Every structure is written in C-alpha cells, then in structure tokens.
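Keep in mind the model is a prediction, meaning the values are calculated, not measured.
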Amino acid sequence: MEKKTVLKQAAGGRVMDFIKALLCAYVVTGILLLILALLLYKAGLSEENVNAGILLTYVISTFSGGFVIGKLTGSRKFLWGLLAGILYFVLLLLISLGIYHSLHGASVETAAAFVLCAGGGMLGGMIS
C-alpha cells in the first residue's frame with residue numbers, strides 16, 4: 001500500500017515539474033514576442049525576419065523549459081526536455097486551434113515548428 005502512495009507522489013511531482021517548466025517557457029515566449037513586436041515597430045522588420053524571430057522564440061523558449069525540467073528531474077534529462085518541448089508545441093497548437101478554429105499555416109511549417117520545439121526542449125534538458 002505504501003508503494004502506491006510513493007508512486008502517486010512521484011507522479012504528482014512530475015506534473016508540477018512540467019507545469020513549472022511550461023510556465024517558464026511561456027513567460028520567456030511572452031518576453032521575446034514583446035521584444036520582437038518592439039523591433040517590428042521601431043525597425044520595420046520584413047515578414048521573413050519576423051518569421052525567423054518567431055522560430056527563434058520557439059527554440060529559446062523550449063530550451064528554457066527543457067533546462068528547467070532537466071534541473072528539476074535530475075535524470076534522463078534529454079527525455080524530459082523532449083517531452084517538455086512536445087507539450088509546449090501541443091499547447092501552442094491547441095491555442096492556435098482555439099483562436100483560428102483551424103490549423104493556420106502550411107503543414108511543412110507546422111512540422112518544422114514541431115521539430116524546433118522538440119529539439120529546443122531536448123537540448124535544454126541535455127545542457128541542464
């Protein structure tokens with residue numbers, strides 16, 4: 001009976017670790033998007049530069065989330081970072097579906113964003 005309680009506590013701790021990591025990643029996303037909007041306003045960036053900035057924001061944000069989850073878990077950091085990157089992408093996709101009521105953008109761009117989010121999270125976990 002005691003073993004089940006320990007497993008439930010461990011699972012609950014992992015959920016809280018993921019919430020902390022994703023919260024960190026979305027805070028970083030908000031800050032970077034505000035900086036990008038300021039650059040767009042002041043410097044008049046082209047559409048290509050804005051798209052590159054958004055992709056860079058995904059990578060940096062998922063890297064930070066992967067780094068946090070790696071520090072919190074302590075073992076198999078790359079796997080936890082990868083999962084954090086995937087969860088970040090899934091939440092991003094769900095938010096997009098909620099706003100646009102369809103998948104906005106080409107499937108190649110969506111696949112590239114998935115790879116960048118998963119890779120950024122995994123890299124953050126590996127470096128933590």
Side-chain angles (χ1 to χ4, degrees):
M1 193 72 166
E2 188 175 306
K3 189 175 184 179
K4 288 183 181 180
T5 305
V6 170
L7 288 175
K8 284 183 183 179
Q9 288 176 346
R14 291 286 188 238
V15 169
M16 286 307 297
D17 291 346
F18 272 109
I19 290 172
K20 290 174 187 176
L22 289 174
L23 183 62
C24 173
Y26 279 108
V27 166
V28 170
T29 299
I31 292 168
L32 291 175
L33 288 178
L34 283 174
I35 292 170
L36 186 62
L38 180 66
L39 287 172
L40 177 63
Y41 176 71
K42 291 291 185 181
L45 297 175
S46 68
E47 184 178 346
E48 295 155 353
N49 290 338
V50 172
N51 288 338
I54 290 171
L55 291 177
L56 186 63
T57 297
Y58 291 162
V59 172
I60 293 170
S61 298
T62 54
F63 177 87
S64 66
F67 189 84
V68 168
I69 194 78
K71 285 290 186 186
L72 292 174
T73 58
S75 65
R76 290 188 271 183
K77 298 175 183 184
F78 73 96
L79 179 62
W80 295 114
L82 176 69
L83 289 174
I86 291 171
L87 279 176
Y88 176 93
F89 175 79
V90 167
L91 284 174
L92 197 65
L93 198 63
L94 289 174
I95 291 168
S96 180
L97 281 171
I99 292 172
Y100 297 113
H101 301 292
S102 68
L103 287 177
H104 192 67
S107 60
V108 173
E109 293 169 354
T110 304
F114 173 78
V115 169
L116 289 173
C117 288
M122 186 170 62
L123 185 63
M126 289 167 56
I127 290 179
S128 68

Evaluate the criterion side-chain contact (heavy atoms from CB on, under 4.5 Å) for residue pair Tyr26 and Leu92; output intermediate values, then yes/no. CA-CA 10 Å; Tyr26 279 108; Leu92 197 65; 4.1 Å; yes
Next item on the list: May I have the step-by-step check of side-chain contact (heavy atoms from CB on, under 4.5 Å) for Leu23 and Lys20, ending in yes or no?
Entry: CA-CA 5 Å; Leu23 183 62; Lys20 290 174 187 176; 5.7 Å; no
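Residues Leu97 and Ile86 share a single hydrophobic cluster, defined by chaining ILVMFWY side chains whose heavy atoms lie under 4.5 Å apart. Tracing side-chain contacts under 4.5 Å through hydrophobic residues (I, L, V, M, F, W, Y), one reaches Leu33 starting from Leu22; they form part of the same cluster. Leu123 and Phe114 fall into different hydrophobic clusters, where Ile, Leu, Val, Met, Phe, Trp and Tyr residues are linked whenever their side-chain heavy atoms come under 4.5 Å apart, directly or through other members. Both Leu55 and Ile31 are assigned to one and the same hydrophobic cluster, defined by single-linkage of ILVMFWY side chains at heavy-atom distances under 4.5 Å. In the hydrophobic clustering of ILVMFWY residues, with side-chain heavy atoms under 4.5 Å counting as a link, Leu91 and Phe18 come out together.
Not counting sequence neighbours, the partners of Tyr88 by the side chain to side chain donor-acceptor pair (under 3.5 Å) test are Thr29.
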Output side-chain donor-acceptor pairs under 3.5 Å for residues 63-85, partner residues at least two apart or in another chain, one line each.
unit_1 : atom_1 : unit_2 : atom_2 : d
Ser64  : OG     : Ser61  : O      : 2.7
Thr73  : OG1    : Ile69  : O      : 2.9
Lys77  : NZ     : Ser128 : O      : 3.0
Trp80  : NE1    : Ser75  : O      : 3.2

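Here the straight-line distance linking atom CD1 of Ile54 with atom CG of Asn49 works out to 11.0 Å at 0.5 Å rounding. With rounding to the nearest 0.5 Å, the separation of CG in Leu87 from CG in Leu94 is 10.0 Å. Remark: Leu38 CG to Ile35 CD1 distance equals 8.0 Å, nearest 0.5 Å. Annotation: the span from Leu36 atom CG to Leu56 atom CG amounts to 9.0 Å, rounded to 0.5 Å.
Among pairs with a residue in residues 31-46, none fulfils salt bridge (charged side-chain N to carboxylate O under 4.0 Å, His left out), at least two apart in sequence or across chains.
The two residues Leu45 and Leu40 come nearest to each other via the heavy atoms O-CD1, 3.5 Å.
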